[in-house]
Number of protein chains: 2
Amino acid sequence: MSDLLERLRGRGWRMTAQRRVVAEVLDGEHVHLTADEVHARAVAKLPEISRATVYNTLGELVSLGEVLEVTTDKRAKRYDPNAHRPHHHLVCARCGAIRDVHPNGNPLADLPDSERFGFTVSDVEVTYRGLCPDCAAA
Amino acid sequence: MSDLLERLRGRGWRMTAQRRVVAEVLDGEHVHLTADEVHARAVAKLPEISRATVYNTLGELVSLGEVLEVTTDKRAKRYDPNAHRPHHHLVCARCGAIRDVHPNGNPLADLPDSERFGFTVSDVEVTYRGLCPDCAAA
DNA sequence: CACTTGACTTAGACATTGTCCATTGTAGGA
DNA sequence: TCCTACAATGGACAATGTCTAAGTCAAGTG
Ligand SMILES: [Mn+2]
Ligand SMILES: [Mn+2]
Ligand SMILES: [Zn+2]
Ligand SMILES: [Zn+2]
């Protein structure tokens, strides 16, 4: 994550202990934490960090394009550090586990003009749902 | 919507003024109202209907498969009476307008086994985003 | 290194969306 | 018409997210 911290510093970010900790928490593959989960993990490293700062920092990271906001469930937004390789999501309907996936083809091309209603279509999100191996076994 | 009411009566639903009004509100093409929007429209027809009843009734309609829950924005769930023809959604990123769309192809087939991580994949949701004609003009 | 300043953090109030429960009301059958 | 199980109600509560006023501090300046 020092890559991320370097980029942020280069963008004029003031480097604080709080921001460093949030950036550290958002590291890894298939990481899709809610704001409160980020806060809980950040508190473990920096007990006095506040909820508001976690929300603020996540919002800034999203604005900067360094983190994606994903809404695979109807409850809380999730924050995804894998912002550099476009991808979609596979979600377990039972336990909520989320994996990054890279489907073949281009779903944008599958939407004919007659189904665009004059919209300028620029983006598409695909969410696959099913049961993860553990939940399917149970 | 008397189709819907007939089906519901056939399923043993007790018919109340409240349920009738909620069913009436959920009629039409490209209808994707939030619970509070449904409540506001229901109140116009039946002033004493409560918020809890609207939530309860929507939940029941979803359980019965007569209405779909869609989460095209990160705020409130939306309720979609078009539950009988599978479809996806096209959303204006600026004003939130939502249209039902029917893309070509089968996105499930575009997810290779190597990208399924052992999941049993059963469903896929596709959300197209862009600007509606009005918002693109502005 | 000390100073300064505006950006950052904090705690908690507030807002929105949704759920739950005890009480009251009523649809529909006997 | 009466009964009763099911439904509606209002309000408390919960979860998630936003906002603000006041205090704090990173980092540039000299
Ligand atoms: Mn992801
Ligand atoms: Mn729809
Ligand atoms: Zn699972
Ligand atoms: Zn629009």
Side-chain angles (χ1 to χ4, degrees), chain A residues 5-25 32-43 45-64 66-80 96, chain B residues 5-26 32-64 66-80 96:
Chain A
L5 292 181
E6 268 320 304
R7 276 200 304 278
L8 294 174
R9 208 187 303 265
R11 299 217 210 190
W13 245 38
R14 193 143 119 192
M15 198 44 54
T16 66
Q18 291 85 349
R19 286 171 167 184
R20 220 176 338 256
V21 163
V22 169
E24 280 170 24
V25 166
H32 306 90
L33 299 170
T34 66
D36 274 344
E37 286 166 354
V38 172
H39 181 236
R41 296 186 187 199
V43 162
K45 295 166 179 260
L46 185 70
E48 67 274 25
I49 192 172
S50 74
R51 232 166 49 94
T53 293
V54 170
Y55 274 95
N56 288 341
T57 305
L58 290 173
E60 288 158 7
L61 289 169
V62 170
S63 295
L64 293 171
E66 296 289 350
V67 164
L68 299 176
E69 223 170 55
V70 299
T71 53
T72 49
D73 71 61
K74 291 100 180 164
R75 287 180 293 173
K77 294 177 197 168
R78 293 181 173 273
Y79 294 88
D80 184 344
Chain B
L5 292 182
E6 268 321 303
R7 275 201 304 279
L8 294 174
R9 206 188 304 265
R11 298 219 211 187
W13 244 38
R14 186 190 273 188
M15 197 46 54
T16 67
Q18 291 85 351
R19 286 172 169 185
R20 215 171 347 250
V21 163
V22 170
E24 279 170 24
V25 167
L26 287 174
H32 306 90
L33 299 169
T34 66
D36 274 344
E37 286 165 353
V38 171
H39 182 235
R41 296 186 187 200
V43 162
K45 296 167 179 259
L46 185 68
E48 67 273 26
I49 191 172
S50 74
R51 231 168 48 95
T53 293
V54 170
Y55 274 95
N56 287 342
T57 304
L58 290 172
E60 287 158 9
L61 288 169
V62 170
S63 295
L64 293 171
E66 296 290 351
V67 165
L68 298 176
E69 224 169 52
V70 298
T71 54
T72 50
D73 72 62
K74 291 101 180 165
R75 288 185 299 171
K77 296 176 196 168
R78 292 181 173 273
Y79 293 89
D80 184 345

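Numbered from 1 within each chain, the chains take letters A, B, ... in sequence-line order.
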Is there a side-chain contact between [X] and [Y] in this structure, where contact means two heavy atoms from C-beta onward sitting under 4.5 Å apart?
X: A/Val38; Y: A/Tyr55; answer: no
X: A/Leu8; Y: A/Glu66; answer: yes
X: A/Thr71; Y: B/Thr71; answer: no
X: B/Leu64; Y: B/Arg11; answer: yes
X: A/Leu61; Y: A/Trp13; answer: yes

Using only side-chain N and O atoms of [X], determine if any of them is under 4.0 Å from OP1 or OP2 of [N].
X: B/Tyr55; N: C/dG18; result: yes
X: B/Thr53; N: D/dT9; result: yes
X: A/Gln18; N: D/dC25; result: no

Checklist line | A/Ser50: partners by side chain to side chain contact (heavy atoms under 4.5 Å, CB included), with sequence neighbours left out | finding: A/Ala52, A/Thr53

Note to self: Mind checking if A/Arg51 touches a base, just sugar-phosphate, or nothing, with heavy atoms under 4.0 Å?
What the structure shows: base

Checklist line | Nucleic acid footprint by protein, nucleotides 20-30 of chain C - heavy-atom cut-off 4.0 Å, B for base, S for sugar-phosphate alone | finding: B----BBBS--

Item checked: Those residues that, when tested against B/Arg75, pass salt bridge (Lys or Arg N to Asp or Glu O under 4.0 Å) (two or more places apart) -> none

Next item on the list: Could I get the full list of salt bridge (Lys or Arg N to Asp or Glu O under 4.0 Å) partners for A/Asp73, not counting sequence neighbours?
Entry: A/Arg78

I need the [atom1]-[atom2] distance between [X] and [N], as an integer number of Å.
X: A/Arg19; N: D/dC25; atom1: CZ; atom2: C1'; answer: 12 Å
X: A/Leu5; N: D/dA26; atom1: CG; atom2: C1'; answer: 15 Å
X: A/Arg11; N: D/dA26; atom1: CZ; atom2: P; answer: 22 Å
X: A/Glu48; N: D/dG23; atom1: CD; atom2: P; answer: 19 Å
X: A/Leu8; N: C/dA7; atom1: CG; atom2: C1'; answer: 15 Å
X: A/Glu37; N: D/dG17; atom1: CD; atom2: C1'; answer: 15 Å
X: A/Glu60; N: C/dC8; atom1: CD; atom2: P; answer: 6 Å
X: B/His39; N: C/dG18; atom1: NE2; atom2: P; answer: 13 Å

Notebook entry, point to check: If you look only at pairs with a residue in residues 39-60 of chain B, which of them pass as a salt bridge (Lys or Arg N to Asp or Glu O under 4.0 Å), with sequence neighbours excluded?
Noted result: B/Arg19-B/Glu60, B/Glu24-B/Lys45

Notebook entry, point to check: In terms of side-chain heavy atoms of A/Asp36, which of D/dT16, C/dT17, C/dT9 is nearest?
Noted result: D/dT16

Item checked: Residues touching DNA chain C, which here means a heavy atom under 4.0 Å, drawn from residues 70-80 of chain B -> B/Ala76, B/Lys77

